[in-house]
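Here the structure is laid out as structure tokens; the discussion comes afterwards.
Each ligand, and each atom within it, is numbered from 1 in the order the structure gives. This chain uses plain numbering: 1 for the first residue, then up along the sequence. Quantities reported herein were computed from a predicted structural model and do not represent experimental measurements.
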Amino acid sequence: MRDKLVEKFIKGEEKRQAEGLELIPSENYVSQDVLTANGSVFTNKYSEGYPGRRYYGGQDFTDQVERLAIERACKLFNCKFANVQPHAGAPANIATYFALMEPGDTIMGMDLSHGGHLTHGHPVTYISKIFRFIRYKMKNVDTGEIDYDEMLEVAKREKPKVIMAGFSAYTRELDYAKFSAIAKEVGAIVIMDAAHIAGLIAGKAAKNPFDYGFDIILTTTHKTLRGPRGGLILTRDNEEIAKKIDKAVFPGFQGGPLMNTIAAKAVAFGEALTPAFKIYAAQIIKNARAMAEVFKRNEIRLLCGGTDNHCVLADVYSSLGVTGKEAQTVLDEVGITLNMNMIADDPRKPMDPSGIRFGTPAITTRGFKEKECARVAELMILTLKNKDNKKIKEAVHKKIKQLAKKFPIPKSFV
Ligand code: DSN
């Protein structure tokens, strides 16, 4: 590379990823094929429009690659329509809102502090000034049970046009049939924001909301799905909705699609269609459960009491007297990357909350099984309990580096 300065940063990041363990539940490692497609000459091309209906010439290969990405996405999630153009998860969500609603209309989504996402209507977002968001919460934060009775009562009263399921920090499987029944009763469209668990759904390790009557699934492509950074909108079978979504993405919300990213999405969807991906998806959950068990054995409070997916939420402040920020920092020092996280009804502030959030998509890609994951959980707890002990931290860091060396980041998964 001619730009030595940028090359230095890329090499530094490569080394950081190789030598440390990635436990941020929304991150993963892509294959060399995904990287190659993402760095391909498709980056040079403008392709506003959709396959066969573009505003620029020279679309022979962009049309083919976008059609392939759509076809594979539909096969993966068992649905009829896919829009592969959203640049990321938030644009996918926002375009979908505009496709289905008028300003002032009501959306019901999960409260951020109970696991929902900013784009489900947090007051700091611009869309919260355009649509009216109402929230639902867990009934019991120690089991993760959602308060479906209250949800129905509020939905009947407030008449949302859209009901959003889905989360970025919640560890139990949702009762999709209940969401669908509530939506049907009030005449709402029901959507799953599956950004975190799309790979688990695609790999058949988690239920598919479309099997329970959901209309739309929104997702990113770079988390458990193990593709490039990007967004994806899937519509079960309603062509009218799918057409509105296409119009909302382009020209409603975005300009030119990132054709290099769409090519990389096609590669990742192809990888996710292989039998190996099913084994991977199931292992992600086994690994997260193994880590959760170690935390529980050490009497560290887990939100929702454990996990059914890729993610674990631990209340380290009430259990160990370590704040989320301190935990994130001290674990960073020993080569473990995760993020501090608010816990439900957290008495502390977002920049130094009570909890941490961690997960297994990336270490499972490296080949970790339950045994190694339990070992990592033990090392995490040892570090948290000895956060000021330099010797112990150095010893843990050494062990983390050894584990990382033993399980290098693979270049290919199929
Ligand atoms: N930023 C993603 C996450 O980490 O969960 C959600 O948008």
Return all side-chain donor-acceptor pairs below 3.5 angstrom for residues 367-374, not counting sequence neighbours, or 'none' if the list is empty.
from   : atom 1 : to     : atom 2 : distance (Å)
Glu370 : OE1    : Gln283 : NE2    : 2.9
Glu372 : OE1    : Lys369 : N      : 2.8

Pocket residues of ligand 1, ordered first by chain and then by residue number (heavy-atom cut-off under 4.0 Å): Ser26, His117, Ser168, His196, Lys223, Arg357

Residues which pass side-chain contact (heavy atoms from CB on, under 4.5 Å) with Leu320, listed by chain and number, not counting sequence neighbours: Ile300, Val316, Val322, Leu384, Lys385

Criterion side chain to side chain donor-acceptor pair (under 3.5 Å) against Arg172, the qualifying member of Asn309, Thr143, Asp308: Asp308

Reference residue Gln17; test side chain to side chain donor-acceptor pair (under 3.5 Å); the match among Lys15, Glu13, Glu14, Glu19: Glu13

Mutual orientation of the aromatic rings belonging to Phe131 and Phe133 [parallel < 30°, tilted 30-60°, perpendicular > 60°]: perpendicular

Pair listing, ring-ring contact (aromatic ring centres under 6.0 Å, His included) test, anchored in residues 233-269, at least two apart: Tyr55-Phe250

